[in-house]
Structures are given as structure tokens and as C-alpha cells.
Number of protein chains: 2
Amino acid sequence: MKEQQTIKATEAEMEILNILWTHGPSTVRDVHDRLAEVKDTGYTTTLKQMQVMHEKQLLTRVAEGKTHVYTAKANKTDAQGQLLKRMIDSVFNGSAMQLVMQALGSHKPSDAELDMIREYLEKKKEVNNN
Amino acid sequence: MKEQQTIKATEAEMEILNILWTHGPSTVRDVHDRLAEVKDTGYTTTLKQMQVMHEKQLLTRVAEGKTHVYTAKANKTDAQGQLLKRMIDSVFNGSAMQLVMQALGSHKPSDAELDMIREYLEKKKEVNNN
DNA sequence: TTTTATCTACGATAATAGTCGTAGATGAAA
DNA sequence: TTTCATCTACGACTATTATCGTAGATAAAA
């Protein structure tokens, strides 16, 4: 089994991880350009950030010519799961249900979405009964 | 309409908010004692923290003898909603559904829970169709 | 009324996170 | 082969967060 260390990223680091998850392996330049669309920090800031993330083992990288191509080490789903769990434990009294209900409550899902969940629940229930 | 500023709390502040949400208005001593069960920081640290939170308008307080009794300004549900929204926007591509599915996926809900959601969804759907 | 325990206020310090400038390396363009 | 744009490395500096010690106020106990 591939061991899975806990992902502990700061706010700024999460932004970078998200970009890497969305766009795949990227250079600092790539990431910085995307970041620049929403925030306004210098190139070397992004560079440093990613170097630190590399040290922290959040990213892997391979040299390619004079640049480096970075990849998020954890996959998105695992990270989402961990964040979710942390959130459930800390603010939802450990109850995933409570979180789900609240998410559904404020989101106003469409009929299509509701059906999607319903279907999903059916499948779940079958599994429960096996 | 009661205006609702965005709740921006650090990790340590969230711990305190949770205690106040769970146990209601409390003195620094109360909060500190509960905190002490899981972490190991001095009394004045908690005190300072809560004073800062008071300045930041996260808490209100009333004097009672020589002590202060603090109360969380935001209610828990609102705060949960905001955290959820932030999380959805930042790591779930803005899709509440994605978050719900993932939460259900890792939690393995019981039949009773599934029914509870199903029921909830039914009600939702009715509302949609009005 | 004096002592003692406990409280607040406040400032200092430490730890963590975020920012950026500069120097030197490197490859592509002239 | 010289120039130029772009890259990495590194250190320094700032901002934010977390921590705690000390001093003085206050109420309850002795």
C-alpha cells in the first residue's frame, strides 16, 4: 500500500496545488501566470513558494532544460478527503451527515443533481445490504 | 436584515469558537480548561487569544465581577456555511455536489442516514417544483 | 484588614507564512 | 560568439499568528 502522509498546506500553497491538480505538471512560470490572474505577487514569490513546497515534499519536480516541471505529489481526491475529514471533525462534531445536510441546504441543488444523489444513494444501500 | 460579516478565524481561533459554540458563553478559564484537555499552552495564551478575538469582533463579552464572560458572535450554522462555501470554491471547483458525493463516499452512511437524506431530497424536490 | 488566589491588560518574543531583490547559470536569438 | 531573456538559488525582510511573563486590580478567604 502506498503510504499517504497527511497533507498540510497553507492557504497560498493550496492555491498552487489546485492549479497543479487542474492543469497537470507545470513550470513555475505556468503556475505564476495563472496565479497572476487572481493575485498580484512577484514571480520569485511563486518560485520560492514552490521550492519550499518541494522541500516539504508537497511537490515533486524534474529538470527539463534550465527549468523545472513540478507535479503535486498527493492526488486531488485524497487531499479533498483529508480536508473534508478535518473539517467534519473540527466543525461538524464528527458527523459527515451534518456536513452533507448543510451543504445541500445552502446549495439549492437542481432536480438533475438531486436525482444524481438519489441514484448514488440507491447504489450505496444495495451495498449495505450485501 | 442582520448584517453578516465574513468570519475569518485562524486555526487556534476556530478551536475556541467551537468550544463556545458547544458550551455556550464562557470565561477564559472555562475555555482554557477545555483547551488544556487537548493542547498544552498557558492560561495567558488563551486569554490573549480571546482578547484579540474580541478586538476582531469575533467575540462579545460582558464583565461579571472581575472576570469576563465571552460569547461567539457568529452562530455555528452561519460559520459552517461559510467554511463550506469557501472549501467548495477552493478545492471542489465550486461544485457542492462534488463535495457531497465525496463526503458520502468516504463516510459509509448507514441505511437510516441514507433514508434521512433521501427524505430530505424529496422535500427539496417538491420545493423546486413550486 | 491582611493575605492569597485569580483575573485582566499589555508588551515582548518566538514561530510561521508570505514577499521580494539580487546574483549567477543557461539556453535561445541575434 | 556575444547579447538577452528567463531560470534557479538564496538570503533578507515583513506580516501574521502564537506564546508567555510580569504588573497591577479585585474579590474571596483567613
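As the structure is a prediction and not an experimental result, all values here were calculated from the model.
Atom CD of residue Gln80(A) and atom CZ of residue Phe92(B) lie 4.0 Å apart, to the nearest 0.5 angstrom.
Both Met87(A) and Leu104(A) are members of a single hydrophobic cluster when ILVMFWY side chains are connected at heavy-atom separations under 4.5 Å. Using a 4.5 Å cut-off between side-chain heavy atoms of Ile, Leu, Val, Met, Phe, Trp and Tyr, with links allowed through other members, Val69(B) and Ile16(B) fall into different hydrophobic clusters. Hydrophobic clustering (ILVMFWY, side-chain heavy atoms < 4.5 Å, transitive): Leu58(B) and Leu47(B) are in one cluster.
What separates CG of Leu59(B) from P of dT8(C) is a distance of 13 Å, to the nearest Å. Across the protein-nucleic acid pair, His54(A) atom NE2 and dA9(D) atom C1' stand 13 Å apart, rounded to whole Å. When rounded to the nearest whole Å, the span between CE of Met53(B) and P of dA9(C) equals 16 Å. dT6(D) atom P lies 18 Å from atom NE2 of His68(A), rounded to whole Å. In this structure, the CD atom of Glu55(A) is 14 Å from the C1' atom of dT16(C), given to the nearest Å. Put simply, CG on Asp30(B) is 14 Å from P on dT6(C), counting in whole angstrom units. Taking atom OH on Tyr70(A) and atom C1' on dC7(D), their separation rounds to 10 Å, with Å as the unit. Residue Leu58(A) contributes atom CG, which lies 12 Å from atom P of dG18(C) at whole-angstrom precision.
Atom NZ of Lys85(B) is surrounded by 12 or fewer heavy atoms from other residues, nucleotides or ligands within 6.0 Å. For Lys8(B), the NZ atom sits in a loose shell: 12 or fewer heavy atoms of surrounding residues, nucleotides or ligands are nearer than 6.0 Å.
Side-chain N/O atoms of Gln51(A) include none lying less than 4.0 angstrom from OP1 or OP2 on dC10(D). For dT6(D), the OP1/OP2 oxygens have no side-chain nitrogen or oxygen of Arg29(A) closer than 4.0 Å. For Arg61(B), no side-chain nitrogen or oxygen approaches OP1 or OP2 of dC7(C) to under 4.0 Å.
Between Leu59(B) and the options Gln49(B), Met50(B), Lys73(B), Glu13(B), a side chain to side chain contact (heavy atoms under 4.5 Å, CB included) holds for only Met50(B).
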**Fill in**
B/S/- along nucleotides 24-30 of chain D (protein heavy atoms under 4.0 Å) is --B----

**Prompt:** What string of B, S and - do you get for nucleotides 14-23 of chain D 5' to 3' if you count protein non-hydrogen atoms under 4.0 Å?
**Reply:** ---SSBBBB-

Identify each donor-acceptor pair in which a side-chain atom of residues 17-26 of chain A lies under 3.5 Å from a protein atom, sequence neighbours left out, and give them as a table.
{"residue": "Asn18(A)", "atom": "ND2", "partner": "Met14(A)", "partner atom": "O", "Å": "3.2"}
{"residue": "Asn18(A)", "atom": "ND2", "partner": "Ser90(B)", "partner atom": "O", "Å": "2.8"}
{"residue": "Trp21(A)", "atom": "NE1", "partner": "Ala74(A)", "partner atom": "O", "Å": "2.9"}
{"residue": "Thr22(A)", "atom": "OG1", "partner": "Asn18(A)", "partner atom": "O", "Å": "2.8"}
{"residue": "His23(A)", "atom": "ND1", "partner": "Ile19(A)", "partner atom": "O", "Å": "3.3"}
{"residue": "His23(A)", "atom": "ND1", "partner": "Arg34(A)", "partner atom": "NE", "Å": "3.3"}
{"residue": "His23(A)", "atom": "NE2", "partner": "Arg34(A)", "partner atom": "NH1", "Å": "3.4"}
{"residue": "Ser26(A)", "atom": "OG", "partner": "Gly24(A)", "partner atom": "O", "Å": "2.6"}

**Item:** CA sep, side-chain torsions, deciding dist, call: Arg86(A), Leu83(A), side chain to side chain contact (heavy atoms under 4.5 Å, CB included)
**Value:** CA-CA 5 Å; Arg86(A) 240 171 270 159; Leu83(A) 288 183; 4.0 Å; yes

